[in-house]
Amino acid sequence: MDLGEDSGRIGSVPVTTSRNMSSSSSQFFSANQSPFFSPRLSSCQLSESTRSDAQCDGILLSADPLSSSSGIPDPETLANVGYLLSDMSPAPPAACGSSSFQKFDRISSSTGISNTAASSYSNAQDNSYSGHRERLKKYGRHYGVTSTPGPVSLSFNRMRSYDIFIGFHGRKQSLMRFVNWLQAELEVQGMSCFLSDRARLKSSHKHGVVERAMDVSSFGVVIITNKSFRNPYTIEELQFFSDKKNLVPIFFDLNPSDCLVRDIIEKRGELWEKHGGELWVLYGGLEKEWTEAVHGLSRVDEWKLEAQDGNWRDCILKAVALLAMKLGRRSVVERLSKWREKVEKEEFPFPRNENFIGRKKELSELEFILFGDVTGDSERDYFELKARPRRKNLTIGWGKSSTFDERRRERQHESRRKGKEPVVWKESEKEIEMQSTDAPHKPQLPRSKSSGKYPRRKRSTKILYGKGIACVSGDAGIGKTELLLEFAYRYHQRYKMVLWVGGESRYIRQNYLNLWSFLEVDVGLENCTEKSRIRSFEEQEEAAVSRIRKELMRNIPFLIVIDNLESEKDWWDHKLVMDLLPRFGGETHILISTRLSRAINLEPLKLSYLSGVEAMVLMQGAVKDYSIREIDVLRLIEEKLGRSTLGLAIVGAILSELPITPSRLLETTNRMPLKDFSWSGREAHPLRRNTFLLQLFEVCFSIFDHADGPRSLATRMIQASGWFAPCAIPVSLLAQAANKIPEKHRRTLLWRKLLHSLTCGLASSYTKRSEAEASSMLIRFNIARSSTKQGCIQVNELIKLYARKRAVIGAPQAMVQAVISRGSISKHPEHIWAACFLLFGFGRDTVIVDLKVSDLLYLVKEVVLPLAIRTFFMFSRCSAALELLRLCTSALEAAEQAFVAPVEKWLDKSLCWRPIQTNAQLNPCLWQELALSRAIVLETRAKLMLRGGQFDISDDLIRKTIFIRNSVCGEDHPTTISARETLSKITRLLANVQNHTSI
């Protein structure tokens, strides 16, 4: 028996996977390594034949079965595996000569005998019913009677119990994905599972293990497909669990009403015309047994679960809740209920676009790229893939696995004789490539010091199909976000949850760490004991990211949507964004939109313009009866807009909201004046080449101004929105910033008359607007879009860019003042960071907003310090928090220097016969408060530096703090004494480190 072939066939579905696969972390454990090795077994009484058979039957053990993405299992769940900890003890290597056999004796709660999508199955099916009956006779088993052949260990007869047995048959990719998800979800909730596709097992010993697992399982879940009724093992499982009254059938791509004995036998209906007939004859079974098993499905009223293409998530969560309730796990049901309520409110960032137009081909291709196949309605919209040049003996595989190299070469040689080309996916943490096995082996060059920890990545030139990652690229405003949103809504039932991550380079790491609330993972800074090694800030940040990545690498599928990826590297530390993501090829899928021509070492799917018919439908809006001349004008507008989807949507909104014809709109837009802007930077390229779109923006702003007066709240909200963070903005906060913008110059009389004729009758209905009405106007004209967050809207990034380029005086200052006064660190952290970017000038940015000293003091106390501490401890973003505090210190120092500088000459006069030389003398209380604020920031920085082992820097900072407090408060002040105690602690730690390094 071939070890590699059969062991893959009986491998369990692993709950966690590793990003780097190596021989040292092989999933094939020895008996000494396995926690399921029985310490009470001193020797093995196995014959040579049994020993050799057991040694050939390796088994894959799932790692970390009880670690949960939904919290810690309740005590009643942990009791199920309590015996493992009490019985576990190391065994000497010579305790048993057949360690492989003992791997079957003790099987973890997450161990199953299954057929995974990653396994290599043989086409030959050893499922003849005559052999099956001989095995049953050999084991003396018929629906519950179990015996063991020959001398076996005592631990084999004392097999542990399982909560759930999952039986299925088939190797269809969608079926495997569903079964993997079901098992992983049950185990995450603390229910032990045994998974098996018995038709794939060749060893009689393995069949005995599965039969014993069926005996000791509390419930039996059987996945029913259109091919299940021709499988003798599925029929046996149905009859066995039906007799025990614990059968839980799940109909996969079937309806319970389809599974009628007469319809199947007589091949009635389209389904059974192909898959029906006297199916028991195919394996030599008995008609009575087959009929009773199928009839048993109709008698299960409570457990009729259906898994159709559009309800996987609901079906699995319902199955988990029902099983947990039957097992008495009420805490699991409550936890699932709370999680589902949270997901319903926060899963998607935007409501679904009910008027979504076109993109059928792109949606089908995305489905094929992510899943490797196309199902359901998408099959009608199937696309033709470009023919790829055939590369001889192409292999794509895990490059570090050396355990099975010899067997892999044998299988490749065998497959070549059959005219097949084995393809294996190769991935390392920093490299994704396609490698030919017949290519001559090139010696690996030593890494240069400049290359860092990992070698330089190779460029990929092909789209990867079926690997779970897709990238969509296109110009700004072409509809990338709309496409991703429609895909997420259309296929969200295939995932446990859609995780939406903003891809802007300054915010992507924080957005990624924000997923902890859905995955229920702690990404905060870990507490270090005095004896433990102090980890660097970089290590602590990587540990937080790895906890998120670990949860996403389970067999539970998530869809990560990274919208508007700005760069392949993080803005803060210039590390690759790829380091944040789980490995490719797992159950979690990744969908990216970007303006980059190439991202994440992948060739993206180029998003083209809408077709002429689709563009016309989008522009016409609610009006459908235009004349031929007006239709020609719409085509001209489409060309002048560069076929921008955003521009087309705005045109459609204007024509729907106002009594205006396309020809009049074209005339008005052409006559709209446009300021001369200094376009610079890559982000401004879409605006630089499309002046007609900018004129259309100005038309919208003018409509708002005419409808609501020269100080239109809607227009000022757009002006202020350009300085907010790229995420949903609370309408109240946006309106607060808009109201702080100073009044602009009134438009000329000529343009006011022109717009009056354009918006005839609009002013009467659009009187002074409240915040809600102004935001509603922005949404109706497609300038902004509604958010699933209550009371929030999100303005298109292209419009926000144009708002910044218009450079309205006072807009950034208004945004900063509104965020400082009304913002909440827990609710609006992104916008508070955006305000800090304007205030402190991170990186190469210049300071855009200057604050008065009194406002700066309030900012430091109420905003900067809480934000930095929250970022440092709650999200382990040490570098960002420390950089914020460093820039805040510099701002306070600059304010102090201005205070001690000589005052202006007109102030240099006698006041109470004493000359005033500096602002510090003029306002000594404010100067002292400024100095003490700087001392607080310095002390905070010193304490945070200790968490990363930066003792030298911490010592310098705390000494500056002591000097300031000595000067202002005195030596005996409590704050000064506290700073001295901190200095003593730092000195002691520094001495310990020096002594340790010198030994």
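We number each residue from 1, following the sequence as shown.
The CG atom of Leu798 sits 10.5 Å away from the CD1 atom of Ile783 when rounded to the nearest 0.5 Å. Taking CZ of Arg947 as the start and CD1 of Ile534 as the end, the distance is 9.0 Å to the nearest 0.5 Å. Summarising the geometry, atom OG1 belonging to Thr481 is positioned 8.0 Å from atom CG belonging to Asn796; distances are rounded to the nearest 0.5 Å. In this structure, CG on Leu565 lies 8.0 Å from OG on Ser593, to the nearest 0.5 angstrom. Here Leu552 contributes atom CG and Leu581 contributes atom CG; the two are 9.0 Å apart, rounded to the nearest 0.5 Å. Here CZ of Arg934 is found 8.0 Å from NZ of Lys960. Values are rounded to the nearest 0.5 Å.
The nearest pair of heavy atoms linking Ala891 to Leu856 is O-CD2, 4.1 Å. Smallest separation of non-hydrogen atoms from Glu551 and Phe558: O-CE1, 4.4 Å. For Phe350 against Ser786, the heavy-atom pair with the smallest separation is CD2-O, 3.6 Å. Taking every heavy atom of both residues into account, Arg547 and Asp522 meet most closely at NH1-O, 2.9 Å. In plain terms, the two heavy atoms of Pro866 and Val860 that are nearest each other are CD-O, 4.3 Å. Scanning both residues, Asn514 and Ser517, for their nearest heavy atoms gives O-OG, 3.3 Å.
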Practice task
Run the numbers on Glu939 and Lys943 for salt bridge (Lys or Arg N to Asp or Glu O under 4.0 Å), then give the verdict.
Solution key: CA-CA 6 Å; Glu939 184 181 27; Lys943 292 180 178 180; 3.8 Å; yes
Practice task
Using the side chain to side chain contact (heavy atoms under 4.5 Å, CB included) rule, take Leu944 and Phe873 through it: C-alpha gap first, then chi angles, then the decisive distance, then the call.
Solution key: CA-CA 9 Å; Leu944 296 184; Phe873 287 100; 3.6 Å; yes
Exercise for the section: Could you walk me through whether Val577 and Tyr512 pass the side chain to side chain contact (heavy atoms under 4.5 Å, CB included) test, one step at a time? Expected result: CA-CA 10 Å; Val577 173; Tyr512 187 78; over 6 Å; no
Exercise for the section: Apply side chain to side chain contact (heavy atoms under 4.5 Å, CB included) to Val731 and Met717, showing your working. Expected result: CA-CA 9 Å; Val731 174; Met717 288 170 70; 4.2 Å; yes
Exercise for the section: Given side chain to side chain contact (heavy atoms under 4.5 Å, CB included), test Ile832 with Val863 step by step and report yes or no. Expected result: CA-CA 8 Å; Ile832 293 179; Val863 177; 3.5 Å; yes
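By the 6.0 Å contact criterion, NZ on Lys342 is enclosed, its count of non-hydrogen atoms from other residues, nucleotides or ligands being greater than 12. For Trp516, the CH2 atom sits in a loose shell: 12 or fewer heavy atoms of surrounding residues, nucleotides or ligands are nearer than 6.0 Å. Counting non-hydrogen atoms of other residues, nucleotides and ligands closer than 6.0 Å to CD1 of Ile809 gives a total of 12 or fewer. Shown here is Lys789, whose NZ atom has no more than 12 heavy atoms of other residues, nucleotides or ligands within 6.0 Å.
A donor-acceptor distance shorter than 3.5 angstrom exists from the side chain of Asn739 to the backbone of Ala735, with no hydrogens or angles considered. Of the possible polar contacts, one joining the Ser954 side chain to the Ala942 backbone as a donor-acceptor pair under 3.5 Å is found. The main-chain N or O of Ala818 is never found under 3.5 Å from a side-chain atom of Gln736 such that the two would form a donor-acceptor pair. A donor-acceptor pair is defined here as one N or O able to donate and one able to accept, closer than 3.5 Å; no such pair exists between the side chain of Arg509 and the backbone of Leu580. A side-chain donor-acceptor contact under 3.5 Å links Arg804 to the backbone of Gly722. Side-chain N or O atoms of Ser787 include none that pairs as donor or acceptor with a backbone N or O of Gln794 at under 3.5 Å. In this structure, Thr594 contributes its side chain and Asn564 its backbone to no donor-acceptor pair below 3.5 Å. Here the side chain of Ser978 pairs no donor or acceptor atom with the backbone of Thr975 at under 3.5 angstrom. Between the side chain of Tyr507 and the backbone N or O of Pro726, no donor-acceptor pair lies under 3.5 Å. Judged by distance alone, with hydrogens and angles left aside, the side-chain atoms of Thr940 form a donor-acceptor pair with the main-chain N or O of Ile936 at under 3.5 Å.
Counting heavy atoms from C-beta outward, Glu797 and Leu801 have side chains that stay 4.5 Å or more apart. Counting heavy atoms from C-beta outward, Ser732 and Glu771 have side chains that approach closer than 4.5 Å. A 4.5 Å side-chain heavy-atom check between Asp972 and Thr976 finds every atom pair outside the cut-off. Phe872 places none of its side-chain heavy atoms less than 4.5 Å from the side chain of Gln540. For the pair Pro730 and His831, the minimum side-chain heavy-atom distance is below 4.5 Å. Between Asn966 and Arg980, the closest side-chain pair of non-hydrogen atoms falls below 4.5 Å. Contact check for Trp500 versus Asn511: no side-chain heavy atoms found under the 4.5 Å cut-off. Counting only heavy atoms from C-beta outward, the side chains of Arg806 and Tyr802 approach each other to under 4.5 Å.
The residues Lys575 and Glu542 are annotated as salt-bridged, a charged nitrogen and a carboxylate oxygen being separated by less than 4.0 angstrom. A salt bridge does not link Glu981 to Lys985: none of the charged side-chain nitrogens sits closer than 4.0 Å to a carboxylate oxygen.
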Throw together a table of side-chain donor-acceptor distances under 3.5 angstrom for residues 833-853, partners on residues two or more places apart or in other chains.
{"residue": "Asp845", "atom": "OD1", "partner": "Arg506", "partner atom": "NH2", "Å": "3.4"}
{"residue": "Asp845", "atom": "OD2", "partner": "Arg506", "partner atom": "NH1", "Å": "3.1"}
{"residue": "Asp845", "atom": "OD2", "partner": "Arg506", "partner atom": "NH2", "Å": "2.2"}

What side-chain donor-acceptor pairs closer than 3.5 Å can you find for residues 876-885, not counting sequence neighbours?
{"residue": "Ser876", "atom": "OG", "partner": "Val523", "partner atom": "O", "Å": "2.7"}
{"residue": "Ser876", "atom": "OG", "partner": "Gly524", "partner atom": "O", "Å": "3.3"}
{"residue": "Ser876", "atom": "OG", "partner": "Leu525", "partner atom": "N", "Å": "3.3"}
{"residue": "Arg877", "atom": "NH1", "partner": "Gln510", "partner atom": "OE1", "Å": "3.1"}
{"residue": "Ser879", "atom": "OG", "partner": "Glu541", "partner atom": "OE2", "Å": "3.2"}
{"residue": "Glu883", "atom": "OE1", "partner": "Arg886", "partner atom": "NE", "Å": "3.2"}
{"residue": "Glu883", "atom": "OE2", "partner": "Arg886", "partner atom": "NH2", "Å": "2.8"}

